[in-house]
Amino acid sequence: MKKTRVVVIGTGAVGSTTAYTLLLRNRMDELVLIDANHNKAVGDALDMNHGMPFTGGAKLWAGTYEDCREADIIIITAGAAQRDGETRVDLLKRNVSIFDSIIEEVSKVNTQAILLIASNPVDIMSYFTWRKLQWPINRIIGSGTLLDSARFRYLIGEKLDIDPRSVHAHIVGEHGDSELPLWSLANVAGAQLQLSDEDKEDIFTNTRDAAYQIIDAKGATYYAIALALDRICTAILRDEGAVLNVSTLLQDYHGISDVYLGVPCIVDRQGVREVMNITITDSEKELLQCSANKLKGLIESISP
Ligand code: 6V0
């Protein structure tokens with residue numbers, strides 16, 4: 001049987017934590033770490049390999065782009081991290097040129113893998129990757145608003161004193177400042193949430209601004225995004241058909257086309273098998289369109 005291989009490109013805070021999470025949860029047979037700073041990848045591989053007697057025993061090494069050849073999933077977390085006070089969008093130009101060179105190298109050896117992108121601004125990086133590679137849309141996935149939705153569910157659960165796993169709630173749109181909550185669909189056991197408008201405002205603001213709060217406190221965010229990336233990999237590798245708020249190219253979706261945005265999608269071995277057809281209110285639709293227009297404007301502003 002073919003061994004499952006995951007490659008992580010960019011073994012900084014997010015990449016190494018993601019690799020460690022995948023390893024602990026025994027998600028694949030082989031795990032390859034690639035970084036422009038090869039020594040960093042070598043150090044991470046050694047460090048994690050020394051824990052192998054206590055884990056599931058995946059084969060793990062610091063590799064090169066040649067190792068992408070056999071990969072099932074290639075996770076890209078390379079790039080510049082968000083600086084204190086810097087918006088995700090400020091990262092755009094720095095990260096687009098880094099990405100160009102990475103995907104060029106990947107596509108020389110593998111055109112069949114699923115690319116899972118986490119580098120920010122994630123929706124735009126995913127869009128550019130898709131536009132450059134022209135692979136089927138389902139195989140180029142951004143982590144989208146999966147992390148934001150997890151933060152949202154956690155904060156709702158905290159307020160209601162309910163396990164966040166029992167809270168069904170979605171953040172959609174840009175992974176960033178123009179994202180929006182779908183309060184009309186939020187529920188626990190099918191029941192609408194008993195929250196005041198003030199509570200809702202607080203919960204959403206804390207969700208949207210969580211990254212700023214964490215970066216202010218410790219410089220970077222990586223644990224929750226690593227778990228979110230692990231969740232997406234699991235949905236793919238186990239062919240789950242899980243509904244996850246990942247970023248995908250939208251076509252004719254609530255009046256939106258030609259932009260990557262985080263929305264509920266069915267994820268399985270094909271990647272994004274289907275974008276969920278959800279009913280949202282007119283005001284939610286308007287906010288989603290604003291988010292799409294913001295990203296389109298940014299894409300246009302840096303397109304040749
Ligand atoms: P980091 O700790 O600076 O790591 C980035 C890594 O990328 C470093 O090890 C670099 O050496 C490496 N790198 C840079 N250029 C290249 C290249 N050309 N090829 C290979 N490796 C390269 O950053 P951190 O890990 O904190 O963040 C990585 C990215 O994830 C940033 O763009 C963040 O903004 C983004 N995040 C995305 C989240 C999401 O929800 N999608 C959440 C948190 C962070």
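Ligands are counted one by one from 1 in listed order, and the atoms in each one are counted from 1 as well. No hydrogens, no waters, no symmetry mates; every other heavy atom, side chains included, goes into these values. For reference, positions follow the sequence shown, starting with 1.
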What part of [X], side chain, backbone, both or neither, has a heavy atom within less than 4.0 angstrom of ligand 1?
X: Val14; result: both
X: Leu147; result: side chain
X: Lys40; result: neither
X: Ala78; result: both
X: Asn95; result: side chain
X: Ile34; result: neither

Query raised in the report: Salt-bridged, Asp199 to Lys159, with N to O below 4.0 Å?
Result: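 Salt bridge flag = yes for Lys159 with Asp199.
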Requested in this report: Could you tell me whether Asp258 and Lys296 make a salt bridge, using a distance below 4.0 angstrom between a side-chain N and a carboxylate O?
Outcome: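 No, no charged N to carboxylate O under 4.0 Å.
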Query raised in the report: Counting only heavy atoms not in Tyr20, do more than 12 sit closer than 6.0 Å to its OH atom?
Result: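 No - once you tally the heavy atoms of other residues, nucleotides and ligands closer than 6.0 Å, there are 12 at most.
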Query raised in the report: Within a radius of less than 6.0 Å around CZ of Phe99, do more than 12 heavy atoms belonging to other residues, nucleotides or ligands occur?
Result: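 Yes, because the 6.0 Å sphere around CZ of Phe99 holds more than 12 heavy atoms from other groups.
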Report task. Have a look at Gly219, Ala118, Gly79 and point out the one with the heavy atom closest to atom 5 (C) of ligand 1. Result ->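 Shortest heavy-atom distance from atom 5 (C) of ligand 1: Gly79.
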Which of the atoms of ligand 1 are close to [X], meaning less than 4.0 Å from one of its heavy atoms?
X: Ser143; value: 39 (C), 41 (N)
X: Thr77; value: 28 (C), 29 (C)
X: Ile102; value: 17 (C), 18 (N), 19 (N)
X: Thr221; value: 42 (C), 43 (C)

**Report entry** Distance (rounded to the nearest 0.5 Å) between His175 NE2 and Asp148 CG
**Finding:**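 Going from the NE2 atom of His175 to the CG atom of Asp148 covers 5.0 Å.
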Requested in this report: Quick one: pull up CG in Leu298 and CD in Glu174 and give me the separation to the nearest 0.5 Å.
Outcome: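 Result: 7.5 Å between the selected atoms.
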Requested in this report: Would you check the N or O atoms of Ala13, main chain and side chain alike, for any that come under 3.5 Å of an N or O of ligand 1?
Outcome: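 Yes.
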Query - Ring geometry between Tyr260 and Trp130 (parallel below 30°, tilted from 30 to 60°, perpendicular above 60°) - result: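 Ring orientation of Trp130 relative to Tyr260: tilted.
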Query raised in the report: Any chain of hydrophobic side-chain contacts (each under 4.5 Å) joining Val243 to Leu237?
Result: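 Val243 does not cluster with Leu237.
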